[in-house]
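Input: a single structure, listed below in structure tokens.
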Protein chains: 2
Amino acid sequence: MRSQDAGLAEALVDLSHHVLHLFADAGRGHGLSQQQVELLCAVIVRGAVGMTELGRLLHVEKPNLSNLTDRLERRGLVVRSRAAHDRRATEVTLTDEGTAVAMRTYRDVAARVRTLLERVPQAEQQQLATVARRIVHDEPA
Amino acid sequence: MRSQDAGLAEALVDLSHHVLHLFADAGRGHGLSQQQVELLCAVIVRGAVGMTELGRLLHVEKPNLSNLTDRLERRGLVVRSRAAHDRRATEVTLTDEGTAVAMRTYRDVAARVRTLLERVPQAEQQQLATVARRIVHDEPA
DNA sequence: TATTGTTATACTCTATAACTATA
DNA sequence: TATAGTTATAGAGTATAACAATA
């Protein structure tokens with residue numbers, strides 16, 4: 001690894017830790033883990049979400065997502081239901097309590113994101129989003 | 001959260017997952033977890049490292065770092081020693097086997113970093129490093 | 001008294017393989 | 001045969017509180 005790569009790599013790794021810890025920190029007050037917060041935020045933004053899409057969004061394998069969903073269902077925050085169009089598929093939705101918890105947590109996450117980004121000027125934020133998407137192949141070069 | 005913030009936030013979260021999974025993927029072939037790879041890489045780059053600095057680098061709390069170090073020590077990859085200047089402090093160093101494993105893993109990580117960044121032009125990489133450091137407060141605005 | 005690190009506990013997350021049900 | 005999801009299992013990571021030793 002060239003030394004300039006190493007510098008960028010270290011900065012990226014540090015940034016990644018900060019970004020994901022933001023979910024953990026937001027969840028702590030509500031007794032939620034990082035992954036639980038990520039799942040709740042994904043569902044509140046999208047409405048009903050299938051397990052496959054959740055796994056892709058959260059970067060979690062199927063069996064682990066099943067367990068993650070189990071724990072949230074046991075706590076009464078989400079429910080599973082069979083999808084109408086494909087009876088193999090499961091859709092995850094929020095309960096009333098889950099919605100309330102997810103809203104509070106989502107606002108907490110959003111506030112922390114704003115704090116994290118407040119040192120970065122608008123123009124650079126736009127560039128950052130573009131580069132980030134390019135790196136994860138969501139966007140063409 | 002404004003919708004433009006949300007777009008950036010999602011891109012950042014996705015990027016963060018990719019970056020940290022890179023360590024997990026590099027470790028899989030060697031039976032090492034993400035955190036184990038991160039620790040080995042930190043030690044190979046720095047030589048002997050104290051527990052406090054390791055905790056800061058890996059974003060891991062003290063008790064968890066103790067456990068992480070225990071598992072690597074049990075596998076014969078690292079050893080602990082008392083620091084000369086402060087007899088409370090512990091320093092972590094690599095064994096011969098640990099050095100060999102860490103070198104291979106480090107090269108694997110480096111290769112994956114290059115792949116991850118190959119779509120990003122040099123100039124943008126430099127900007128990215130600057131913005132990343134600014135976000136985590138390592139660098140003034 | 002503050003700091004460095006460990007131990008103890010209870011819970012959550014992870015990877016892998018094997019399984020069921022639907023397509 | 002392939003896909004969506006679950007179950008089982010063993011190991012690893014996590015947060016918190018309480019502790020020992022050194023500064």
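To find a chain, count down the sequence lines: A is the first, B the second, and so on, and within it residues start at 1.
In this entry the distance linking CZ of A:Arg28 with P of C:dT12 reads 14 Å, nearest Å. Across the protein-nucleic acid pair, B:Gln34 atom CD and C:dT14 atom C1' stand 11 Å apart, rounded to whole Å. The separation between A:Leu72 atom CG and D:dT6 atom C1' is 17 Å, rounded to whole Å. In this structure, A:Phe23 places its CZ atom 16 Å from P of D:dA15, rounding to the nearest Å. In this structure, A:Leu32 places its CG atom 17 Å from P of D:dT14, rounding to the nearest Å. For the pair A:Leu77 CG and C:dT12 P, the computed distance is 12 Å after rounding to whole Å. Across the protein-nucleic acid pair, A:Asp70 atom CG and D:dG5 atom P stand 14 Å apart, rounded to whole Å. Atom CD of B:Glu73 and atom P of C:dT7 are 10 Å apart (whole Å).
Across all strands, B:Arg80 comes closer than 4.0 Å only to sugar-phosphate atoms, never to a base (heavy-atom distances).
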Next item on the list: Applying side-chain contact (heavy atoms from CB on, under 4.5 Å), run through B:Leu72 and B:Val92 and close with a yes or a no.
Entry: CA-CA 10 Å; B:Leu72 287 169; B:Val92 177; over 6 Å; no

Check: Where do A:Asp108 and A:Arg112 land on the salt bridge (charged side-chain N to carboxylate O under 4.0 Å, His left out) test, with the steps shown first?
Finding: CA-CA 6 Å; A:Asp108 195 341; A:Arg112 286 166 196 272; 2.7 Å; yes

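Which of D:dA12, C:dG5, D:dT22 sits closest to the side chain of B:Thr90 comes down to C:dG5.
Of the residues in residues 50-68 of chain B, those placing a heavy atom less than 4.0 Å from an atom of DNA chain D are B:Val60, B:Glu61, B:Pro63, B:Asn64, B:Asn67, B:Leu68, in numerical order.
Nearer the 5' end of DNA chain C, as judged by each residue's closest nucleotide, is the contact made by A:Gly31, out of A:Gly31 and A:Arg87. If A:Ala89 and A:His21 are placed on DNA chain D by their nearest nucleotide, the residue sitting closer to the 5' end is A:Ala89. Of the two residues near DNA chain D, A:Ala24 and B:Arg74, the one whose nearest nucleotide lies more 5' is B:Arg74.
Residue B:Gln35 has a polar side-chain atom (N or O) positioned under 4.0 Å from OP1 or OP2 of D:dT14. In this structure, B:Arg71 does not reach the D:dG11 phosphate: none of its side-chain N or O atoms is under 4.0 Å from OP1 or OP2. Residue B:Ser33 has a polar side-chain atom (N or O) positioned under 4.0 Å from OP1 or OP2 of D:dG13.
Dense packing is recorded around CD of B:Glu53, with more than 12 heavy atoms of other residues, nucleotides or ligands lying under 6.0 Å away.
Screening A:Leu15, A:Val120, A:Leu117 for a side chain to side chain contact (heavy atoms under 4.5 Å, CB included) with B:Val131, the sole residue that qualifies is A:Val120. With B:Asp14 as the partner, the side chain to side chain donor-acceptor pair (under 3.5 Å) test is satisfied by one option alone out of A:His59, A:Arg133, A:His137: A:His59.
Rounding to the nearest 0.5 Å places OG1 of B:Thr105 at 11.0 Å from CZ of B:Phe23.
Remark: side-chain polar atoms of B:Glu73 are paired, donor with acceptor, to backbone N or O of B:Arg80 under 3.5 angstrom.
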